[in-house]
Novice: 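Below is the structure I would like to discuss, written out as structure tokens.
Index from 1, following the sequence. Every value quoted in this text rests on a predicted model; they were computed, and no experiment measured them.
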Amino acid sequence: MPKNKWSRHLALPMLSFVLILAACTGDDTSTEESGGETGTDGGQELENGGMYSIDDFSNVKTNEGEAIDGGTITFGLVSDTVFEGTLNWNFYSGAPDAEILEWFDEGLLTWDENYVYTNDGAATYEVSEDGRTFTFKIGDNVNWHDGEPVTAEDWLFAHEVIGNPDYDGPRYNSDFTNIEGMEEYNSGSADTISGIEVIDDKTLSITYIESTPSLLTGSIWSYPLAKHIFGDMSVADISSSPEVRENPIGFGPFKVDSIVPGESVTLTKNEDYWRGEPNLDGVTIKVISSSTVVQELETGGVDLISEFPVDQFPDNAEMSNVEYLGAIDRAYTYIGFKLGTWDAESNTVAYDPEAKMNDVALRQAMWHAVDNATVGERFYNGLRWNATTLIPPSHPEFHDDSNEGRTYDPEAANQLLEDAGYVDTDGDGLREDPEGNPLEINFISMTGGDTAEPLAQYYVQSWEAVGLKVNLEMLEFNSFYDRVGNGGEDDPTVDVFQAAWGVGIDVDPSGLYGANAIYNFARWENEDNERLLAEGRSAESFDLAYRQEVYNEWQQLMVDEVPVFPTLYRAVLSPVNDRVLNYAIGDGTEVYLNELAVSAESPVTAK
């Protein structure tokens, strides 16, 4: 894990680009402009209509006062649904579970502010001359919470479980099929993974089929699985086992004491933590709703939270007992179109050319029909803003800021629909499909926060304004992703969905949009898409200019084909109680959770 923070998202641990299913509570807006001055809390109301800019926030907490010995803090997990409780990096999928995991477990590799693996993590690495073989050395002082050493066998075991045909998690993708012998192991034609070798208790080597820059920025699976605990279980039983759900284990700075399912987790410090004994005695994680987050912060009910609802920031920017930290989020909100189903047998998408949303003109028109710049301003005061492509600005080397995406243009939307044969044949103001049949589009979105439903209703009204009848259904987080197909079973009644991705440190989007990615919820397959994804991972892509060119072309392809379209880029705001010391958000801060401390026994309350 990176520096101290947790990218809720998916932190997603970090596989490739993919990663976490992020709750979508809104979208945001346009732009930053600045003008106003900065408030003492970091955020500042600008003079231009109350807009805010993420550029006015620091991502590192100001330390005031001296640290006391020990102490505990309370972390508020902001969620309007219970957490699922799959508390193991090798199996989890939702952002709430990732938020909890960050406290007690981590990857063996860490990375810098440019998302490149470093050699200051729990393991170090060397790369062979041809760039295909990585040799890892796990630190001698890296131990599981029960005192057993984290070993090379544990790291191999994680790969064996994820590559097993009975594995029921979401991690098996191109990061794994790029390992020599993995596909043979997965198919059952080999008993072992030929490309992985345990050299000694603490040394592992992995040989990849193709050398790619992604191997340095996120596509190495660095989360071991404790073989002495899970080794005797059948792979199909691990994700539901008590050792994952009730008594999870890790080697991070804190260890789990108790869990109230879906509601809270109590942790105590891991005195044997490899970076050094934590300052704090313990942490309590509790779920709080977006409607009570302000009260919890003001009364000191929580010291830290996972993410502040940015739509509530203008009314609470001057909260007296916290400092607001902010950063550009590795995330974006999007609208997706269902274009097929998931074929669990072949582990690939089954694109359906007869799907209701198959007409690209219909999808392009629906993007043109929505005004996300205004959405950002009205719903988020500039702290979410119009998204243009599927590589967010959190990855500035590859985000194509010259690509405007599809701008708000209802006239263009109407023309696209007319030309494609979607016309109103019965005079009721709504368009029929090209065959003259009634057209009703079923749209699902997530609950959460005051803006979630109004925002979804805005999209429905925008589409209706260009003659499309859209039926909206609001669902809580877990039900939403079940219906979208998180487990591989797509609900055939869903045509369009609004969701969000937290992305990993690797820019490679294969894990979200590749034909063999279960997270490809649109179930879209396209020859040019597969070519570009492969080129972005090729040896040639070590050349930065070449890789940028590839991903610019890919971003344009997605603007042209629109299997999904991005709606909002996001700022992440994190208010921190004044008594908290040594805390930061984002990547590359080199502030770690074992350093977290407090200057007083109790939280500071608001005046």
Novice: With Phe521 as reference, evaluate Phe337, Trp342, Tyr513, Trp501 under the ring-ring contact (aromatic ring centres under 6.0 Å, His included) test and give the passing residue.
Specialist: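 Only one option passes, and that is Trp501.
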Novice: Using a 3.5 Å distance criterion without hydrogens, assess whether the side chain of Ser306 forms a donor-acceptor pair with backbone atoms of Leu77.
Specialist: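 No, the answer is negative, given that no donor and acceptor are paired below the 3.5 Å cut-off.
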Novice: So if I apply the side chain to side chain contact (heavy atoms under 4.5 Å, CB included) rule between Pro278 and each of Leu593, Asn594, Val283, which one comes out positive?
Specialist: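 It is Asn594; the other options fail the test.
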Novice: Give, for atom OH of Tyr92 and atom CG of Leu101, the distance between the pair rounded to the nearest 0.5 Å.
Specialist: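 Interatomic distance, Tyr92 OH to Leu101 CG, rounded to 0.5 Å: 7.5 Å.
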Novice: Say you draw a straight line from CD1 of Ile206 to CD of Glu180; how long is it, rounded to the nearest 0.5 Å?
Specialist: 11.5 Å
Novice: Looking just at side-chain N and O atoms, do Asn114 and Asp112 make a donor-acceptor pair shorter than 3.5 Å?
Specialist: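 Looking only at side-chain atoms, Asp112 and Asn114 do not form any donor-acceptor pair under 3.5 Å.
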Novice: Side-chain contact, heavy-atom cut-off 4.5 Å: Asp146 with Ile229?
Specialist: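 Side-chain contact under 4.5 Å: yes.
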Novice: Is there a side-chain contact between Tyr551 and Asp400, using heavy atoms and a 4.5 Å cut-off?
Specialist: no
Novice: Do you know which two heavy atoms are closest between Ile505 and Asp587, and how far apart they sit?
Specialist: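 Closest heavy-atom pair between Ile505 and Asp587: CG2-OD1, 4.4 Å.
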Novice: Ignoring hydrogens and angles, tell me if any N or O in the side chain of Lys202 forms a donor-acceptor pair with the backbone of Val142 under 3.5 Å.
Specialist: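 Looks like yes, one N/O pair under 3.5 Å.
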Novice: Identify whether NZ of Lys or CZ of Arg in Arg547 sits under 6.0 Å from the centre of the six-membered ring of Phe398 and within 45° of that ring's axis.
Specialist: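 Positive - Arg547 is close enough to the ring of Phe398 and near enough to its axis.
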Novice: Is a salt bridge present between Lys227 and Glu148, judged by a nitrogen-to-oxygen distance below 4.0 Å?
Specialist: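 Answer for the salt bridge query: no.
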Novice: Give a yes or no on whether Asp191 atom CG has more than 12 heavy-atom contacts from other residues, nucleotides or ligands under 6.0 Å away.
Specialist: no
Novice: Any chance you could lay out the side-chain contact (heavy atoms from CB on, under 4.5 Å) test for Thr135 and Lys137, step after step, and finish with the verdict?
Specialist: CA-CA 7 Å; Thr135 301; Lys137 184 75 174 177; over 6 Å; no
Novice: Side-chain contact, heavy-atom cut-off 4.5 Å: Val127 with Leu215?
Specialist: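 In short, these two side chains do not touch, never coming nearer than 4.5 Å.
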Novice: Return yes when atom CD of Glu277 has more than 12 non-hydrogen atoms of other residues, nucleotides or ligands closer than 6.0 Å, and no otherwise.
Specialist: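 Yes, because the 6.0 Å sphere around CD of Glu277 holds more than 12 heavy atoms from other groups.
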Novice: For Ser214 and Asp508, work out which heavy atoms get closest and say how close.
Specialist: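 Closest approach of Ser214 to Asp508: OG-CB, 3.6 Å.
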Novice: Do the side chains of Pro261 and Arg245 get nearer than 4.5 Å, heavy atoms only?
Specialist: no
Novice: Give, for atom CG of Asn164 and atom CG of Asn186, the distance between the pair rounded to the nearest 0.5 Å.
Specialist: 8.0 Å
Novice: Should the heavy atoms of other residues, nucleotides or ligands under 6.0 Å from CG of Asp232 be counted, would the total exceed 12?
Specialist: no
Novice: Identify the heavy atoms of Ile305 and Ser574 that sit nearest to each other, and give their distance.
Specialist: O-OG, 3.9 Å
Novice: Do Trp554 and Glu535 come within less than 4.5 Å of each other through their side chains, counting heavy atoms only?
Specialist: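 A side-chain contact is absent here, since even the closest heavy-atom pair is not under 4.5 Å.
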Novice: Just by distance, with hydrogens left out, do Trp524 and Asn529 show a side-chain donor and acceptor under 3.5 Å apart?
Specialist: no
Novice: Please lay out, stage by stage, how Thr333 and Arg570 fare under the test side-chain contact (heavy atoms from CB on, under 4.5 Å).
Specialist: CA-CA 8 Å; Thr333 311; Arg570 305 152 73 106; 2.6 Å; yes
Novice: For residues Val265 and Trp103, determine if any side-chain heavy atom of one lies less than 4.5 Å from a side-chain heavy atom of the other.
Specialist: no
Novice: With heavy-atom distances below 4.5 Å as the criterion, would you say the side chains of Arg171 and Tyr223 are in contact?
Specialist: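 SC-SC contact between Arg171 and Tyr223 ruled out.
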Novice: Taking all non-hydrogen atoms of both residues into account, name the closest pair between Phe254 and Leu280 and its distance.
Specialist: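 Of all heavy-atom pairs spanning Phe254 and Leu280, the closest is CE2-O, 4.0 Å.
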Novice: Distance from Thr212 atom OG1 to Asp506 atom CG, nearest 0.5 Å?
Specialist: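 These two atoms lie 7.0 Å from each other.
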Novice: I'd like to know if the side chain of Asp257 and the backbone of Leu267 have a donor-acceptor N/O pair within less than 3.5 Å.
Specialist: no
Novice: Given side-chain contact (heavy atoms from CB on, under 4.5 Å), test Leu544 with Gln548 step by step and report yes or no.
Specialist: CA-CA 6 Å; Leu544 177 60; Gln548 288 171 328; 3.8 Å; yes
Novice: Can you find a side-chain donor-acceptor pair between Asp154 and Thr151 that sits under 3.5 Å?
Specialist: yes
Novice: For residues Trp144 and Pro149, report the shortest heavy-atom separation together with the two atoms involved.
Specialist: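 Taking every non-hydrogen atom into account, CD1-O, 3.4 Å.
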Novice: Using distance alone, with no hydrogens and no angle criterion, decide if Asn403 and Thr389 have a side-chain donor and acceptor under 3.5 Å apart.
Specialist: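 Absent: no donor and acceptor within the cut-off.
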Novice: For the residue pair Thr177 / Asn516, report whether a side-chain donor-acceptor contact shorter than 3.5 Å exists.
Specialist: no
Novice: Between Ser394 (side chain) and Ile328 (backbone), is there a donor-acceptor pair under 3.5 Å?
Specialist: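 Pair absent, no side-chain N/O of Ser394 close to backbone of Ile328.
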Novice: When you measure from the side chain of Arg330 to the backbone N and O of Val503, does any donor-acceptor pair fall under 3.5 Å?
Specialist: yes
Novice: Keeping Asn582 on the side-chain end and Glu595 on the backbone end, is there a donor-acceptor pair under 3.5 Å?
Specialist: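 Looks like yes, one N/O pair under 3.5 Å.
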Novice: Let me confirm one number: the CD-NE2 distance from Glu397 to His395, rounded to the nearest 0.5 Å.
Specialist: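 Separation between the atoms: 10.0 Å.
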Novice: Taking Arg523 for its side chain and Gly485 for its backbone only, find out whether a donor-acceptor pair lies under 3.5 Å.
Specialist: yes
Novice: Do the side chain of Arg132 and the main chain of Tyr208 share a donor and acceptor less than 3.5 angstrom apart?
Specialist: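 Yes; judged by distance alone, with no hydrogens or angles, the pair exists.
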Novice: Ser189 and Ser187: side-chain donor and acceptor closer than 3.5 Å?
Specialist: yes
Novice: Taking 4.0 angstrom as the limit, do Asp175 and Arg537 come out as a salt bridge?
Specialist: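 Salt bridge: yes.
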Novice: My understanding is that only one of Glu106, Lys255, His145 makes a side chain to side chain donor-acceptor pair (under 3.5 Å) with Tyr273; could you say which?
Specialist: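 That would be Glu106; it is the only one of Glu106, Lys255, His145 passing the side chain to side chain donor-acceptor pair (under 3.5 Å) with Tyr273.
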Novice: Would a line drawn from the ring center of Tyr569 to the ring center of His399 be shorter than 6.0 Å?
Specialist: yes
Novice: Would you compute the distance between atom CD1 of Ile193 and atom NE2 of His159 and round it to the nearest 0.5 angstrom?
Specialist: 7.0 Å
Novice: Do the ring planes of Tyr334 and Phe497 sit parallel (below 30°), tilted (30 to 60°) or perpendicular (above 60°)?
Specialist: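 Because their plane-to-plane angle is over 60°, the rings of Tyr334 and Phe497 count as perpendicular.
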Novice: Under a 4.5 Å cut-off applied to non-hydrogen side-chain atoms, are Met446 and Thr81 in contact?
Specialist: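 No, every pair of side-chain atoms sits at 4.5 Å or beyond.
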Novice: Please find out if less than 6.0 Å separates the ring center of Phe91 from that of Tyr167.
Specialist: yes
Novice: When you measure from the side chain of Asn270 to the backbone N and O of Gly252, does any donor-acceptor pair fall under 3.5 Å?
Specialist: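 A pair under 3.5 Å: yes.
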Novice: Write down the atom of Pro563, the atom of Ala522, and the distance for their closest heavy-atom approach.
Specialist: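 In terms of heavy atoms, the two residues are closest at O-CB, 3.8 Å.
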Novice: Do Trp274 and Val150 pass the side-chain contact (heavy atoms from CB on, under 4.5 Å) test, and can you show the C-alpha distance, the side-chain angles, and the key distance before you say yes or no?
Specialist: CA-CA 11 Å; Trp274 68 276; Val150 176; over 6 Å; no
Novice: So, does Asp97 use its side chain to make a donor-acceptor pair with the main chain of Leu87 at under 3.5 Å?
Specialist: no
